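For reference, the structure is listed below as C-alpha cells.
Given the structure is predicted, the values throughout are model-derived calculations rather than measurements.
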Amino acid sequence: MKLTTPQFLSRVGFSAFAAILGALFALPLIWFIFAPFNARAEMGLALPDPFTFSNFETVFGNSLAIHALLNSLIEGVGAVIVVGIAATLAAYALSRSSIPGKGAVTYILLLFSSVVSGSAAMVPIFLIVSALGLIDTQVAVILVFAGGLLPTAMFILRDFIDGIPKSYEESAMVAGASPVQAFFDVALPVIRPGIVVVVVWAFVNVWGGFLIPFILLRSSEQMPASVAIYSFYSEAGTPIVTLLAAYSLIYSLPVIALYLFVSWRFGFRFFGGIKA
Amino acid sequence: MASVEFRSVTKSFGSFTAVDHVDLSIGDGEFVCLLGPSGCGKTTSLRMIAGLETPSSGQILIGGDDVTGLHPKDRQISMVFQDYALYPHMNIADNIAYPLKVRGESQEKRHARAQEVAGVLKIGDLLSRLPSQISGGQQQRTSLARALVYPSRVYLFDEPLSNLDAKLRLEARGFLNHLQRDMGMTAIYVTHDQAEAMALATRIAVMDRGRIVQYAPPIEIYRRPATTFVANFVGNPPMNLVPVTARAEGDSVRLSADGVTLAPLPLSAGLKAALAAGPTLTLGVRPEHLSVTEEADNSIGGKLFANENMGPESLVTMERPDASRVTARIFTDDHVEVGETVRFGFAPEHVTLFDGAGTRIPRDGEAGL
Ligand SMILES: Nc1ncnc2c1ncn2[C@@H]1O[C@H](COP(=O)(O)OP(=O)(O)O)[C@@H](O)[C@H]1O
Ligand SMILES: [Mg+2]
C-alpha cells in the first residue's frame, strides 16, 4: 500500500513520539540497574567505572537498613496470612452459600476498601490505632494493610471460586464427607492457584506500601524498607545516592522473584470477571 | 439396597416451580429412568434424593425412612455426576478411594479396594494417573468406580453417558445394564435420551414441566403413551400425530382429516367420553407401523418429502395437504421417489387415539386411566 505524504509524515511523527516516550520511561530503569554498581553514583546516568560492589557493602554494614528489610518481611508475611485465610474463607462462603444480597456485600466492601486504606482515612485510622495502644507496633501495620486489601482479595477469589463447579464438593459430600472435610480435601486444593495469586498480590502491596507504616510507626527500629529508604540522607539533607541505589535494588528483588515464581508455577492470569 | 419414595414433593426456585407435586415410588432393586426434555426438573429431582437440594414441600423416603432434612453424607447413597466431578489434584486411585478415606479406612484397604473396582471397570492400569491424563470414557468409568467402591443404598446417575461419543455410550450402557442385573442395585437414572431409558429402565418416569406424566415399564410407555407429549417424546422417530375430526354414527365413529381414510371404529366408552368434550381428536401411529400401500383403506396420503436411507431400513417422510409431516420406517427395498404421491397404510389395531386434551383414550376392555 502506498502512503500519501501527510500519512507518511504522521507515521514518522508518531513513531518518534513513541520512541521519546519509551526512552523517558526507560531512563530511570537504566539508572536503577547501573547506579548500584557505581561508587560515585549521582542522580544522572553514568556507566559504572569501575564496576564495584562497595555500595552493597555499605548497605549490609547499615544495621538499620537490614533490620528494615526484616520488618518489611514481617509485615508482608503477617498481612498475607491474615488476608489469605480471611479472604479464602469469606470468598468461599460468598460463592457457595445462597445468602440473598451476597453480591451487594462484596461490591460495597470493595467500594469502601479504597477508602479504608486510602490517605483520606489516615487520621481516623491513626486515632483508632492509638486508642488501641498499638502505635509503633507491627500488629497495627499488619491489621490496617489486611483490612485494606481484604475486600479486593475477596472479590478476586470469589470470582475464581465461582468458576469452579460445585459438583466437586457435592460429590465429596454424597460420598460421605462433611462440609468441612469437603472444603479441605477437595475445594481448597482446587482453589489454591487463586489463593497464590491473591497472596502474591497482597505481599507486593504491603512490601511497597509507604503511607501506612510511615504514619503508624514511630521508632526507626520498626521501620520497613519502604520507609527506611527515606533515612538515607546526609546530615546536610541531601540523599546519599550510592546507598539509595544499592538498597533499592535489594528492596525490589523479592518482588521480582515472587512474580517469576508465580508465573513459572501457575502462570499469571486473572480469573473470570476481573481481567487486568 | 433400598426403596425410594417421593411424597408430593415440590421444589421452587423463587417463583419458578421446577418440580411440582411429584409422587413417585421406586421399589428395592429397580432401575428407574427419569426421562424428559431439558429443564423439566429431572436433575432437581435427583439432587433432592441426594440431599443436595431441599424440597420446598413434601417428603422423600429412602428405605422407608424420612430423609427430607438429612445431610447428603448421612444418606448412604452414591451419585455419578454429569461432569464426573473427579478431583483434579488426586490420582485415579485416590479419586476412587476417596469415599473410603472419609470413612476412615486404612491406606492398604483403600488401595486394595480401589484396585479391585478399577479392575472390574478396566481402568486398573491407570491408577497412578491424574484425571487430566485420561480420556473421557476412562474418566466416566473412574467416576462410576468411585460410586461403586463403597456399599450404598441407592445409586443416582445424572446423564452419566451424555459426554461420551456414540460408540462409548453404547458400550457403557451395556455395562450399566449388566451391572444393575448383577448387583440388583436400586438405581435412579436421569436422561433425556429415550433410547437410553428404554434400554436400561425397569420403569420410566416421563417428566414434563416439573410433573410426572407417565410412570410405567418401557414397553408400556411405548405401546400406550399416556399423552401426546409422551407419544411425541418416545420412539425413534417418535409417534406420528395427526389431528382428526370425529363424528359418531350410531354404534361407530368416523374419523376424518385431509388425506386420511379410516374405516369406522366401534364407539367405545372411552371414545364416547372423549367426544362429549369435543369432536377434535388426535390420531397417533408409530413410524414402524406404517408401510407404503396402494390401498385407500386405513391410510394417510400425501407427497413424499424426504427419503433417508439407514441401511436395511429407510425413513420416508410425506407432507400432508395441511403441510404437517408423517414419517414411516420402511424396508429400503420398498422403492419410493421424493415428489411422488404416496399412501402410508396401517392396521387399525396400531392406532392410538388421544382426546382433545391430549390424553390417550383407552380401548374397550383395558383398564381406564
Ligand atoms: N439453583 C437453581 N436456581 C434457579 N433455578 C434453577 C436452579 N436449579 C434448576 N433450576 C431451574 O429448574 C428447572 C429444572 O432444572 P433441572 O432439574 O436441572 O432440569 P433438567 O435436569 O430436567 O434439565 C430449569 O428451568 C432450571 O433453570
Ligand atoms: Mg439435568
Ranking B/R47, B/R75, B/Q82 by heavy-atom pairs under 4.5 Å to chain A gives rank one to B/R47
Are side-chain N/O atoms of B/S135 and B/Q138 paired as donor and acceptor at under 3.5 Å? yes
What are the two closest heavy atoms between B/F157 and B/L46, and how far apart are they? O-CD2, 3.4 Å
Tell me if the aromatic rings of A/F56 and A/Y247 count as close, with their centers under 6.0 Å from one another. no
Side chain from CB out, backbone as N, CA, C, O: work out which of these in B/L86 comes under 4.5 Å of a heavy atom of chain A, or both, or neither. backbone
Find out whether the Lys NZ or Arg CZ of B/R103 is both under 6.0 angstrom from the six-membered ring centre of B/Y150 and within 45° of the ring's axis. yes
At a heavy-atom distance under 4.5 Å, which candidate from A/R192, A/Q181, A/K166 has the highest pair count against chain B? A/Q181
Can you tell me which of A/A182, A/P189, A/P179 forms the most heavy-atom pairs within a distance under 4.5 Å of chain B? A/P189
